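Data block below; observations after.
None of these values were measured; they are calculated from a predicted model.
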Amino acid sequence: MKNKLKFTVLIILLLSLTCCGRKTELHFGSGNQEGMYYAYAEQLSSLMNEDLTLRIRTTTGSAANIRLLQKGYLDAAIVQNDNLYETAEATEDTLGFSAVGGLYTESMQILVRSDSDIHSLEDLTGKTISVGEQDSGTELNARALLQLHGIPFEDLNVRYLSLSDAADELREGHIDALFYTAGAPTQGLSQLAKETSLRFLSISDEDARRMRNLYPDYVECVIPAGTYQGQTEDIHTLGVRAVLLVSNSLDDETVRKLTQYIFQNAETLRAGIVSEGSYTAAYAAESIRIPFHPGAAAYLKEQGIEVRTTTNPGSAPVIGGQDD
(Lines give C-alpha, C1' and ligand atoms only; values in the text may rest on other atoms or scores of the structure.)
Protein backbone atom coordinates (compact mmCIF):
# COMPACT_ATOMS: atom_id res chain seq x y z
CA MET A 1 0.00 0.00 0.00
CA LYS A 2 2.83 2.35 0.89
CA ASN A 3 4.64 1.56 -2.35
CA LYS A 4 1.46 2.24 -4.32
CA LEU A 5 1.01 5.59 -2.53
CA LYS A 6 4.64 6.55 -3.22
CA PHE A 7 4.21 5.64 -6.90
CA THR A 8 1.05 7.79 -7.11
CA VAL A 9 2.79 10.76 -5.49
CA LEU A 10 5.73 10.36 -7.89
CA ILE A 11 3.41 10.39 -10.93
CA ILE A 12 1.67 13.53 -9.67
CA LEU A 13 4.99 15.27 -9.14
CA LEU A 14 6.22 14.32 -12.61
CA LEU A 15 3.00 15.57 -14.21
CA SER A 16 3.25 18.79 -12.23
CA LEU A 17 6.83 19.38 -13.37
CA THR A 18 5.90 18.62 -16.97
CA CYS A 19 3.02 21.09 -16.90
CA CYS A 20 5.14 23.78 -15.29
CA GLY A 21 7.83 23.40 -17.93
CA ARG A 22 5.40 23.19 -20.85
CA LYS A 23 5.80 25.70 -23.65
CA THR A 24 2.98 26.86 -25.87
CA GLU A 25 3.62 28.10 -29.39
CA LEU A 26 0.85 29.82 -31.32
CA HIS A 27 0.66 29.97 -35.09
CA PHE A 28 -0.12 33.64 -35.64
CA GLY A 29 -1.61 35.02 -38.89
CA SER A 30 -0.09 38.42 -39.64
CA GLY A 31 -0.74 39.49 -43.24
CA ASN A 32 2.27 40.17 -45.48
CA GLN A 33 5.69 41.23 -44.25
CA GLU A 34 5.25 44.81 -45.47
CA GLY A 35 2.18 45.54 -43.41
CA MET A 36 1.38 46.74 -39.91
CA TYR A 37 -0.01 43.36 -38.81
CA TYR A 38 3.37 41.74 -39.38
CA ALA A 39 5.23 44.54 -37.61
CA TYR A 40 2.82 44.32 -34.66
CA ALA A 41 3.18 40.52 -34.49
CA GLU A 42 6.98 40.73 -34.60
CA GLN A 43 7.01 43.29 -31.82
CA LEU A 44 4.60 41.26 -29.71
CA SER A 45 6.66 38.11 -30.26
CA SER A 46 9.82 39.87 -29.10
CA LEU A 47 8.15 40.93 -25.85
CA MET A 48 6.86 37.49 -24.85
CA ASN A 49 8.49 34.95 -22.52
CA GLU A 50 9.59 31.45 -23.43
CA ASP A 51 6.46 29.85 -21.98
CA LEU A 52 4.28 31.45 -24.70
CA THR A 53 5.73 32.17 -28.12
CA LEU A 54 4.48 33.05 -31.60
CA ARG A 55 5.28 31.46 -34.92
CA ILE A 56 4.34 34.22 -37.35
CA ARG A 57 2.58 33.13 -40.54
CA THR A 58 2.36 35.52 -43.49
CA THR A 59 -1.02 35.63 -45.24
CA THR A 60 -2.82 37.77 -47.80
CA GLY A 61 -4.84 39.58 -45.13
CA SER A 62 -7.99 39.67 -43.05
CA ALA A 63 -10.36 37.48 -45.08
CA ALA A 64 -7.68 34.82 -45.46
CA ASN A 65 -6.93 34.94 -41.73
CA ILE A 66 -10.57 34.29 -40.89
CA ARG A 67 -10.70 31.25 -43.18
CA LEU A 68 -7.39 29.88 -41.86
CA LEU A 69 -8.59 30.26 -38.28
CA GLN A 70 -11.82 28.44 -39.08
CA LYS A 71 -9.91 25.60 -40.75
CA GLY A 72 -7.54 25.23 -37.81
CA TYR A 73 -4.36 26.33 -39.61
CA LEU A 74 -3.91 29.31 -37.29
CA ASP A 75 -4.22 29.67 -33.52
CA ALA A 76 -4.48 33.47 -33.57
CA ALA A 77 -4.65 36.24 -36.17
CA ILE A 78 -5.25 39.96 -36.65
CA VAL A 79 -8.17 41.02 -38.86
CA GLN A 80 -10.04 44.20 -39.69
CA ASN A 81 -13.23 44.59 -37.70
CA ASP A 82 -15.32 45.20 -40.84
CA ASN A 83 -14.28 41.78 -42.13
CA LEU A 84 -16.19 40.40 -39.13
CA TYR A 85 -19.38 42.22 -40.22
CA GLU A 86 -20.82 39.28 -42.17
CA THR A 87 -19.09 36.70 -40.01
CA ALA A 88 -20.85 38.11 -36.96
CA GLU A 89 -24.16 37.20 -38.57
CA ALA A 90 -23.21 33.51 -38.63
CA THR A 91 -24.21 31.07 -35.91
CA GLU A 92 -21.76 31.58 -33.08
CA ASP A 93 -21.31 27.84 -32.56
CA THR A 94 -19.87 27.54 -36.09
CA LEU A 95 -17.43 30.45 -35.96
CA GLY A 96 -14.58 28.44 -34.51
CA PHE A 97 -12.88 31.55 -33.13
CA SER A 98 -13.49 34.38 -30.69
CA ALA A 99 -12.14 37.83 -29.89
CA VAL A 100 -9.29 38.93 -27.67
CA GLY A 101 -9.79 42.64 -28.32
CA GLY A 102 -9.33 45.60 -30.62
CA LEU A 103 -5.68 46.64 -30.97
CA TYR A 104 -5.60 49.97 -32.85
CA THR A 105 -7.40 51.86 -35.62
CA GLU A 106 -6.36 51.32 -39.23
CA SER A 107 -6.74 54.30 -41.57
CA MET A 108 -7.98 54.13 -45.15
CA GLN A 109 -5.17 55.84 -47.08
CA ILE A 110 -5.72 56.86 -50.72
CA LEU A 111 -2.70 58.26 -52.56
CA VAL A 112 -1.98 59.79 -55.95
CA ARG A 113 1.08 61.54 -57.32
CA SER A 114 1.02 65.28 -56.64
CA ASP A 115 1.07 65.99 -60.39
CA SER A 116 -2.05 63.83 -60.92
CA ASP A 117 -5.34 65.23 -62.22
CA ILE A 118 -7.18 63.14 -59.62
CA HIS A 119 -8.53 65.34 -56.83
CA SER A 120 -11.58 63.37 -55.67
CA LEU A 121 -12.91 59.83 -55.64
CA GLU A 122 -15.15 60.63 -58.61
CA ASP A 123 -12.02 61.32 -60.68
CA LEU A 124 -10.97 57.68 -60.33
CA THR A 125 -13.47 56.43 -62.94
CA GLY A 126 -11.60 54.65 -65.72
CA LYS A 127 -8.27 54.91 -63.89
CA THR A 128 -5.74 52.21 -62.98
CA ILE A 129 -5.67 51.68 -59.23
CA SER A 130 -4.16 49.28 -56.73
CA VAL A 131 -6.60 47.95 -54.12
CA GLY A 132 -4.20 45.78 -52.16
CA GLU A 133 -3.92 42.02 -52.44
CA GLN A 134 -6.96 39.85 -53.02
CA ASP A 135 -8.72 38.86 -49.78
CA SER A 136 -7.17 41.85 -48.00
CA GLY A 137 -9.05 44.37 -45.88
CA THR A 138 -7.83 47.06 -48.25
CA GLU A 139 -9.70 45.45 -51.14
CA LEU A 140 -12.89 45.30 -49.06
CA ASN A 141 -12.59 48.96 -48.03
CA ALA A 142 -11.82 50.20 -51.54
CA ARG A 143 -14.73 48.27 -53.05
CA ALA A 144 -17.20 49.62 -50.47
CA LEU A 145 -16.05 53.24 -50.79
CA LEU A 146 -16.04 53.22 -54.59
CA GLN A 147 -19.46 51.56 -54.77
CA LEU A 148 -20.76 54.39 -52.61
CA HIS A 149 -19.81 56.69 -55.50
CA GLY A 150 -21.32 54.41 -58.13
CA ILE A 151 -17.91 53.23 -59.32
CA PRO A 152 -17.79 49.41 -59.45
CA PHE A 153 -14.48 47.66 -59.96
CA GLU A 154 -15.65 46.83 -63.50
CA ASP A 155 -15.36 50.56 -64.39
CA LEU A 156 -11.70 50.61 -63.32
CA ASN A 157 -8.47 48.90 -64.22
CA VAL A 158 -8.01 47.22 -60.84
CA ARG A 159 -4.62 45.85 -59.83
CA TYR A 160 -4.20 43.53 -56.84
CA LEU A 161 -0.74 44.51 -55.65
CA SER A 162 1.31 44.20 -52.48
CA LEU A 163 2.27 47.49 -50.86
CA SER A 164 5.84 47.43 -52.20
CA ASP A 165 4.70 46.61 -55.73
CA ALA A 166 1.97 49.27 -55.61
CA ALA A 167 4.46 51.87 -54.36
CA ASP A 168 6.83 51.03 -57.21
CA GLU A 169 4.02 51.25 -59.76
CA LEU A 170 2.77 54.59 -58.45
CA ARG A 171 6.31 55.99 -58.34
CA GLU A 172 6.85 55.01 -61.98
CA GLY A 173 3.45 56.28 -63.07
CA HIS A 174 2.12 52.84 -64.06
CA ILE A 175 -0.92 53.18 -61.78
CA ASP A 176 -2.95 56.30 -61.03
CA ALA A 177 -3.87 55.71 -57.39
CA LEU A 178 -3.09 53.46 -54.47
CA PHE A 179 -5.47 52.32 -51.71
CA TYR A 180 -4.00 50.97 -48.49
CA THR A 181 -5.65 50.43 -45.11
CA ALA A 182 -3.25 50.25 -42.17
CA GLY A 183 -2.08 52.08 -39.10
CA ALA A 184 -0.43 55.36 -40.05
CA PRO A 185 2.36 56.04 -40.62
CA THR A 186 2.77 52.91 -42.73
CA GLN A 187 6.45 52.15 -43.30
CA GLY A 188 6.13 51.47 -47.04
CA LEU A 189 4.17 54.69 -47.59
CA SER A 190 6.66 56.68 -45.52
CA GLN A 191 9.44 55.48 -47.80
CA LEU A 192 7.39 56.28 -50.91
CA ALA A 193 6.69 59.81 -49.62
CA LYS A 194 10.45 60.41 -49.29
CA GLU A 195 11.01 59.41 -52.91
CA THR A 196 7.91 60.77 -54.65
CA SER A 197 5.75 63.86 -54.24
CA LEU A 198 2.35 62.57 -53.19
CA ARG A 199 -1.14 63.82 -52.48
CA PHE A 200 -3.58 62.07 -50.15
CA LEU A 201 -7.30 62.14 -50.89
CA SER A 202 -9.59 62.96 -47.98
CA ILE A 203 -13.05 61.50 -47.49
CA SER A 204 -15.76 64.13 -47.13
CA ASP A 205 -17.92 64.40 -44.02
CA GLU A 206 -20.97 63.40 -46.09
CA ASP A 207 -19.23 60.31 -47.49
CA ALA A 208 -18.04 59.37 -44.01
CA ARG A 209 -21.60 59.68 -42.67
CA ARG A 210 -23.02 57.55 -45.49
CA MET A 211 -20.35 54.90 -45.09
CA ARG A 212 -20.90 54.66 -41.35
CA ASN A 213 -24.64 54.30 -41.90
CA LEU A 214 -24.00 51.40 -44.26
CA TYR A 215 -21.11 49.86 -42.33
CA PRO A 216 -21.27 50.54 -38.59
CA ASP A 217 -17.77 49.16 -38.01
CA TYR A 218 -16.16 52.16 -39.71
CA VAL A 219 -15.00 55.10 -37.60
CA GLU A 220 -13.97 58.61 -38.63
CA CYS A 221 -10.29 59.35 -38.11
CA VAL A 222 -7.66 61.92 -38.97
CA ILE A 223 -4.08 61.41 -40.11
CA PRO A 224 -2.39 64.54 -38.75
CA ALA A 225 -0.35 66.82 -40.99
CA GLY A 226 3.30 65.83 -40.95
CA THR A 227 2.64 62.11 -40.55
CA TYR A 228 4.27 61.69 -43.97
CA GLN A 229 6.97 63.78 -45.62
CA GLY A 230 5.39 66.54 -47.69
CA GLN A 231 1.97 66.12 -46.04
CA THR A 232 1.07 69.66 -45.02
CA GLU A 233 -2.62 69.14 -44.17
CA ASP A 234 -4.65 66.79 -41.99
CA ILE A 235 -6.16 63.88 -43.90
CA HIS A 236 -9.79 63.21 -42.98
CA THR A 237 -10.61 59.60 -43.66
CA LEU A 238 -12.28 56.50 -42.28
CA GLY A 239 -10.79 53.77 -40.19
CA VAL A 240 -11.52 50.28 -38.93
CA ARG A 241 -10.33 48.55 -35.80
CA ALA A 242 -7.61 45.91 -36.05
CA VAL A 243 -8.90 43.01 -33.91
CA LEU A 244 -7.04 40.03 -32.50
CA LEU A 245 -8.89 36.73 -32.83
CA VAL A 246 -8.01 33.34 -31.38
CA SER A 247 -9.16 29.80 -32.04
CA ASN A 248 -11.74 28.44 -29.63
CA SER A 249 -9.46 25.42 -29.18
CA LEU A 250 -7.07 27.48 -27.06
CA ASP A 251 -7.39 27.09 -23.31
CA ASP A 252 -8.37 29.97 -21.05
CA GLU A 253 -5.00 30.42 -19.38
CA THR A 254 -3.10 30.66 -22.68
CA VAL A 255 -5.46 33.34 -24.00
CA ARG A 256 -5.47 35.22 -20.70
CA LYS A 257 -1.66 35.27 -20.80
CA LEU A 258 -1.69 36.51 -24.42
CA THR A 259 -4.14 39.28 -23.47
CA GLN A 260 -1.96 40.27 -20.52
CA TYR A 261 1.11 40.60 -22.77
CA ILE A 262 -0.82 42.96 -25.05
CA PHE A 263 -1.97 45.20 -22.21
CA GLN A 264 1.33 45.24 -20.35
CA ASN A 265 3.21 46.22 -23.52
CA ALA A 266 0.52 48.38 -25.15
CA GLU A 267 2.63 51.54 -25.26
CA THR A 268 5.48 49.78 -27.05
CA LEU A 269 3.19 47.86 -29.39
CA ARG A 270 1.24 50.95 -30.46
CA ALA A 271 4.26 53.26 -30.81
CA GLY A 272 4.26 54.97 -34.20
CA ILE A 273 0.61 54.08 -34.92
CA VAL A 274 -1.93 56.91 -35.04
CA SER A 275 -4.41 55.87 -32.36
CA GLU A 276 -6.85 57.25 -29.84
CA GLY A 277 -5.15 57.96 -26.54
CA SER A 278 -4.19 55.28 -24.05
CA TYR A 279 -5.04 51.60 -24.42
CA THR A 280 -7.87 50.58 -22.11
CA ALA A 281 -10.16 47.61 -21.64
CA ALA A 282 -13.07 49.75 -22.85
CA TYR A 283 -11.16 50.51 -26.08
CA ALA A 284 -10.31 46.82 -26.55
CA ALA A 285 -13.96 45.79 -26.21
CA GLU A 286 -15.58 48.58 -28.22
CA SER A 287 -17.62 47.69 -31.35
CA ILE A 288 -16.70 43.99 -31.43
CA ARG A 289 -19.79 41.95 -32.31
CA ILE A 290 -18.56 38.39 -31.87
CA PRO A 291 -18.10 36.78 -28.45
CA PHE A 292 -14.81 37.06 -26.58
CA HIS A 293 -12.71 34.09 -25.58
CA PRO A 294 -13.21 33.37 -21.84
CA GLY A 295 -9.48 33.80 -21.23
CA ALA A 296 -9.53 37.31 -22.68
CA ALA A 297 -12.81 38.09 -20.91
CA ALA A 298 -11.29 37.10 -17.56
CA TYR A 299 -8.45 39.59 -18.02
CA LEU A 300 -10.79 42.36 -19.24
CA LYS A 301 -13.02 41.79 -16.22
CA GLU A 302 -10.00 42.40 -13.96
CA GLN A 303 -9.65 45.74 -15.76
CA GLY A 304 -13.30 46.62 -15.08
CA ILE A 305 -14.98 45.60 -18.36
CA GLU A 306 -17.35 42.63 -18.76
CA VAL A 307 -17.91 41.17 -22.23
CA ARG A 308 -19.95 38.38 -23.78
CA THR A 309 -18.03 35.11 -24.15
CA THR A 310 -18.12 31.99 -26.28
CA THR A 311 -20.47 29.26 -25.12
CA ASN A 312 -18.31 26.28 -26.03
CA PRO A 313 -14.60 27.15 -25.74
CA GLY A 314 -11.91 24.52 -25.96
CA SER A 315 -10.38 23.19 -22.79
CA ALA A 316 -7.05 21.76 -23.95
CA PRO A 317 -4.03 23.98 -24.57
CA VAL A 318 -2.38 23.93 -27.99
CA ILE A 319 1.19 22.76 -27.51
CA GLY A 320 3.50 23.67 -30.36
CA GLY A 321 0.68 25.20 -32.44
CA GLN A 322 -0.73 23.48 -35.52
CA ASP A 323 1.33 21.07 -37.61
CA ASP A 324 3.37 22.55 -40.46
Side-chain angles (χ1 to χ4, degrees), residues 29 31-32 34-37 59-68 77-90 105-112 116 118-167 169-170 174-184 186 188-189 200-221 223 235-243 287 289:
N32 64 54
E34 304 164 346
M36 191 66 73
Y37 291 176
T59 70
T60 57
S62 293
N65 283 348
I66 289 174
R67 289 199 304 271
L68 291 169
I78 305 175
V79 307
Q80 286 183 195
N81 198 24
D82 54 326
N83 274 95
L84 294 176
Y85 183 78
E86 293 182 2
T87 307
E89 304 299 320
T105 296
E106 303 181 74
S107 303
M108 292 178 62
Q109 301 172 78
I110 311 165
L111 296 80
V112 300
S116 169
I118 298 171
H119 295 275
S120 67
L121 292 171
E122 288 82 358
D123 295 335
L124 291 172
T125 302
K127 302 294 187 180
T128 300
I129 67 171
S130 171
V131 296
E133 296 179 275
Q134 288 184 307
D135 280 342
S136 66
T138 296
E139 178 196 356
L140 176 71
N141 300 152
R143 188 184 296 274
L145 186 59
L146 290 168
Q147 283 180 341
L148 186 76
H149 288 268
I151 309 174
F153 274 15
E154 292 73 20
D155 291 348
L156 301 159
N157 180 17
V158 172
R159 304 280 304 280
Y160 296 96
L161 301 174
S162 67
L163 178 57
S164 61
D165 288 343
E169 295 287 273
L170 187 64
H174 299 316
I175 62 174
D176 300 302
L178 180 164
F179 281 72
Y180 199 71
T181 302
T186 304
L189 297 182
F200 288 78
L201 302 185
S202 280
I203 296 174
S204 70
D205 291 343
E206 176 61 18
D207 284 351
R209 183 189 64 78
R210 292 168 62 197
M211 283 287 286
R212 293 189 67 193
N213 284 341
L214 290 170
Y215 308 102
D217 298 300
Y218 284 88
V219 296
E220 294 183 42
C221 63
I223 302 175
I235 302 163
H236 295 267
T237 185
L238 288 166
V240 289
R241 192 66 55 80
V243 179
S287 76
R289 306 185 188 196

Could you measure the distance from the [atom1] atom of [X] to the [atom2] atom of [Y]? Nearest 0.5 Å is fine.
X      : Y      : atom1 : atom2 : value
Tyr37  : Ser136 : OH    : OG    : 9.5 Å
Ser204 : Leu121 : OG    : CG    : 8.0 Å
Thr128 : Ile175 : OG1   : CD1   : 8.5 Å
Gln134 : Leu140 : CD    : CG    : 13.5 Å
Leu84  : Asp217 : CG    : CG    : 7.5 Å
Met36  : Thr186 : CE    : OG1   : 5.0 Å

Next on the checklist: Checking side-chain polar atoms at under 3.5 Å, does Asn65 have a donor or acceptor matched by the opposite partner on Ser62?
Outcome noted: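 Absent: no donor and acceptor within the cut-off.
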
Next on the checklist: Testing the 3.5 Å rule here: is there a donor-acceptor pair between the side chains of His236 and Asp205?
Outcome noted: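 Their side chains do not contain a donor-acceptor pair, so the 3.5 Å distance test is not met.
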
So which atom in [X] and which in [Y] form the shortest heavy-atom distance, rounded to 0.1 Å?
X      : Y      : result
Gly29  : Thr59  : CA-CG2, 4.4 Å
Ile203 : Leu145 : CD1-CD2, 3.8 Å
Phe179 : Ala142 : CD2-CB, 3.6 Å
Val219 : Arg212 : CA-NE, 4.2 Å

Checklist entry - When you look at Thr138 and Asn141, which way does the side-chain hydrogen bond (donor to acceptor under 3.5 Å, both in side chains) test go after all the steps? => result CA-CA 5 Å; Thr138 296; Asn141 300 152; 5.4 Å; no

Next on the checklist: Apply salt bridge (charged side-chain N to carboxylate O under 4.0 Å, His left out) to residues Arg241 and Glu106 and explain how you reach the verdict.
Outcome noted: CA-CA 6 Å; Arg241 192 66 55 80; Glu106 303 181 74; over 6 Å; no

Next on the checklist: For Ser120, give me all partners under side chain to side chain contact (heavy atoms under 4.5 Å, CB included), at least two apart in sequence or on another chain.
Outcome noted: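 Ser120 satisfies side chain to side chain contact (heavy atoms under 4.5 Å, CB included) with Glu122, Asp123 only.
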
Next on the checklist: If the condition is side chain to side chain contact (heavy atoms under 4.5 Å, CB included), which residues does Arg143 pass it with, not counting sequence neighbours?
Outcome noted: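 Arg143 satisfies side chain to side chain contact (heavy atoms under 4.5 Å, CB included) with Glu139, Gln147, Phe153, Tyr160 once adjacent residues are dropped.
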
Checklist entry - Would you say Thr105's side chain and Gly239's backbone share a donor-acceptor pair under 3.5 angstrom? => result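 No, the answer is negative, given that no donor and acceptor are paired below the 3.5 Å cut-off.
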
Checklist entry - Counting only N and O atoms by type, is there a donor-acceptor contact under 3.5 Å from the side chain of Gln109 to the main-chain atoms of Ala182? => result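 Confirmed, Gln109 side chain pairs with Ala182 backbone.
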
Next on the checklist: As a test of understanding, state which of Val240, Thr237, Ile235, Leu238 forms a side-chain contact (heavy atoms from CB on, under 4.5 Å) with Ser107.
Outcome noted: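 That would be Thr237.
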
Checklist entry - Out of Ile110, Leu111, Leu124, which one pairs with Ile118 under the side-chain contact (heavy atoms from CB on, under 4.5 Å) rule? => result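 By the side-chain contact (heavy atoms from CB on, under 4.5 Å) criterion, Ile118 pairs with just one of Ile110, Leu111, Leu124: Leu124.
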
